[in-house]
Amino acid sequence: MNLLAIKQRIALAIYRKLKTVKAVGNQYEVDRIINQFASVGSNCHLLCDNNYLIVGGKYIKIGDNFSVGRCLRIEAIDNYALNNYLPQIIIGNNVRLEDFCHIGCIEKVTIGNNVLIASKVFIADHFHGSITKNDIDVPPAKRSLSSRPVHIGDNVWIGDNVTILPGVILGNNVIVGANAVVTHSFPSNSVLAGCPARIIKTLG
């Protein structure tokens, strides 16, 4: 065994002592997933069903007590159609994502602390094109990406099948009802529903 291999084994042993990463699956699969991210906090729970799609893990930071269900798709895209990007996905502490969630980013997506995200939720900070008549003659897949950062505050609860579009800022303590399409920002303590989403109640 060479010196590099010995150092890697020591580093991995220290890593496992410092962090508790629980998973349904073998340790090799846990390490394969964890090692893709820029950083991961302690006490994380991963469901290792070989159906995670992780793109640009080096741009993704995850806090403590993160847990996720099946078929996570999380993409920090740094190159598309010959254009380069500097994406950042930052997930806070005590965040739970249920099954089939999809997060796409070319600029910045931040999720605060104590956030619960139900199944089949889509969050993106970018569009194909500028959504103007200038792009009509360009096939969607060939349009340049346009973006605006997305921020989800603390203590937010997002229901099943919700879509959160570029530029959306959700304040703290927001509840988003199932099947809502969130097209613009909302203040803290709001309860949202509908397509497009609107405030149906204010908490407090």
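These numbers come from the heavy atoms of this one structure, side chains and all, not from hydrogens, waters or symmetry mates.
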A.B. asks: Does any part of the side chain of H151, heavy atoms only, come nearer than 4.5 Å to the side chain of T110, both counted from C-beta?
C.D. replies: yes

A.B. asks: Is there a side-chain contact between Q88 and Y59, using heavy atoms and a 4.5 Å cut-off?
C.D. replies: no

A.B. asks: Identify whether V95 and F37 are in the same connected component of the hydrophobic contact network (ILVMFWY, side-chain heavy atoms under 4.5 Å).
C.D. replies: yes

A.B. asks: Begin with the C-alpha distance, continue with both residues' side-chain angles, and end with the deciding distance and a verdict on side-chain contact (heavy atoms from CB on, under 4.5 Å) for I152 and I158.
C.D. replies: CA-CA 10 Å; I152 296 170; I158 299 172; 3.9 Å; yes

A.B. asks: Please evaluate residues F186 and H184 with respect to the criterion ring-ring contact (aromatic ring centres under 6.0 Å, His included), reporting the C-alpha separation (whole Å), side-chain torsions for both, the decisive distance (0.1 Å), and the verdict.
C.D. replies: CA-CA 7 Å; F186 290 93; H184 62 277; 4.5 Å; yes

A.B. asks: In terms of hydrophobic clusters joined by side-chain contacts under 4.5 Å, are L53 and V121 together?
C.D. replies: no

A.B. asks: With heavy-atom distances below 4.5 Å as the criterion, would you say the side chains of C71 and Y52 are in contact?
C.D. replies: no

A.B. asks: For S190 and I199, which heavy atoms make the closest approach, and how far apart are they?
C.D. replies: OG-CD1, 3.7 Å

A.B. asks: In the structure I gave you, are the side-chain heavy atoms of P196 and V181 within less than 4.5 Å of one another anywhere?
C.D. replies: no

A.B. asks: Under the 3.5 angstrom rule, does the side chain of R143 hit a backbone N or O of D135 as a donor-acceptor pair?
C.D. replies: yes

A.B. asks: Taking atom types as modelled, find out whether N79 and Y85 have a side-chain donor-acceptor pair closer than 3.5 angstrom.
C.D. replies: no

A.B. asks: Between the main-chain N or O of G129 and the side-chain N or O of S146, is there a donor-acceptor pair closer than 3.5 Å?
C.D. replies: yes

A.B. asks: Would you mind reporting whether S144 and N83 have side-chain heavy atoms less than 4.5 Å apart?
C.D. replies: yes

A.B. asks: Quick check: closest heavy atoms across A118 and C101, and the distance to 0.1 Å?
C.D. replies: O-SG, 3.2 Å

A.B. asks: Using side-chain heavy atoms (C-beta onward) and a distance below 4.5 Å, is F100 in contact with R70?
C.D. replies: yes

A.B. asks: Between I60 and I103, is the side-chain contact (heavy atoms from CB on, under 4.5 Å) condition met? List the steps.
C.D. replies: CA-CA 11 Å; I60 302 170; I103 300 172; over 6 Å; no

A.B. asks: Between V55 and I74, does the side-chain contact (heavy atoms from CB on, under 4.5 Å) criterion hold? Intermediate values first, please.
C.D. replies: CA-CA 6 Å; V55 175; I74 184 166; over 6 Å; no

A.B. asks: Pairs of donor and acceptor atoms involving the side chains of residues 167-178, under 3.5 Å and at least two apart or interchain, shall be tabulated with distances.
C.D. replies:
from: N172; atom 1: OD1; to: D154; atom 2: N; distance (Å): 2.8
from: N173; atom 1: OD1; to: N155; atom 2: ND2; distance (Å): 3.4
from: N173; atom 1: ND2; to: N189; atom 2: OD1; distance (Å): 3.0

A.B. asks: Could you give me the CA-CA distance, side-chain angles and deciding distance for R96 and L116, then say whether side-chain contact (heavy atoms from CB on, under 4.5 Å) is met?
C.D. replies: CA-CA 5 Å; R96 168 70 186 176; L116 177 61; 3.6 Å; yes

A.B. asks: Membership question, hydrophobic clusters at under 4.5 Å side-chain separation (ILVMFWY): are L97 and I90 in the same one?
C.D. replies: no

A.B. asks: Side chain of D125, backbone of E107: donor and acceptor closer than 3.5 Å?
C.D. replies: yes

A.B. asks: State plainly whether one hydrophobic cluster holds both V109 and I77, where clusters connect Ile, Leu, Val, Met, Phe, Trp and Tyr through side-chain heavy atoms under 4.5 angstrom apart.
C.D. replies: no

A.B. asks: Is it true that N94 and N113 share a donor-acceptor pair across their side chains at a distance under 3.5 Å?
C.D. replies: no

A.B. asks: Kindly say whether D64 contributes a backbone atom to a donor-acceptor pair with the side chain of N93 at under 3.5 angstrom?
C.D. replies: yes

A.B. asks: Do S119 and E98 meet the criterion of a side-chain donor-acceptor pair at a distance under 3.5 Å?
C.D. replies: no

A.B. asks: Same hydrophobic cluster for V68 and I164, using side-chain heavy-atom links shorter than 4.5 Å among ILVMFWY?
C.D. replies: yes

A.B. asks: Side chain to side chain contact (heavy atoms under 4.5 Å, CB included) with I117: which of V162, V156, I123?
C.D. replies: I123

A.B. asks: How many angstroms lie between CD1 in I106 and CD in E75, if you round to the nearest 0.5 Å?
C.D. replies: 12.0 Å

A.B. asks: Atom SG of C195 and atom CG of N161: how far apart are they, to the nearest 0.5 Å?
C.D. replies: 12.0 Å

A.B. asks: Can you give me the closest heavy-atom contact between C105 and P87, atom names plus distance?
C.D. replies: O-CB, 3.7 Å

A.B. asks: With the side chain counted from C-beta on, respond yes when Y80 and H128 share a heavy-atom pair under 4.5 Å apart, and no when they do not.
C.D. replies: yes

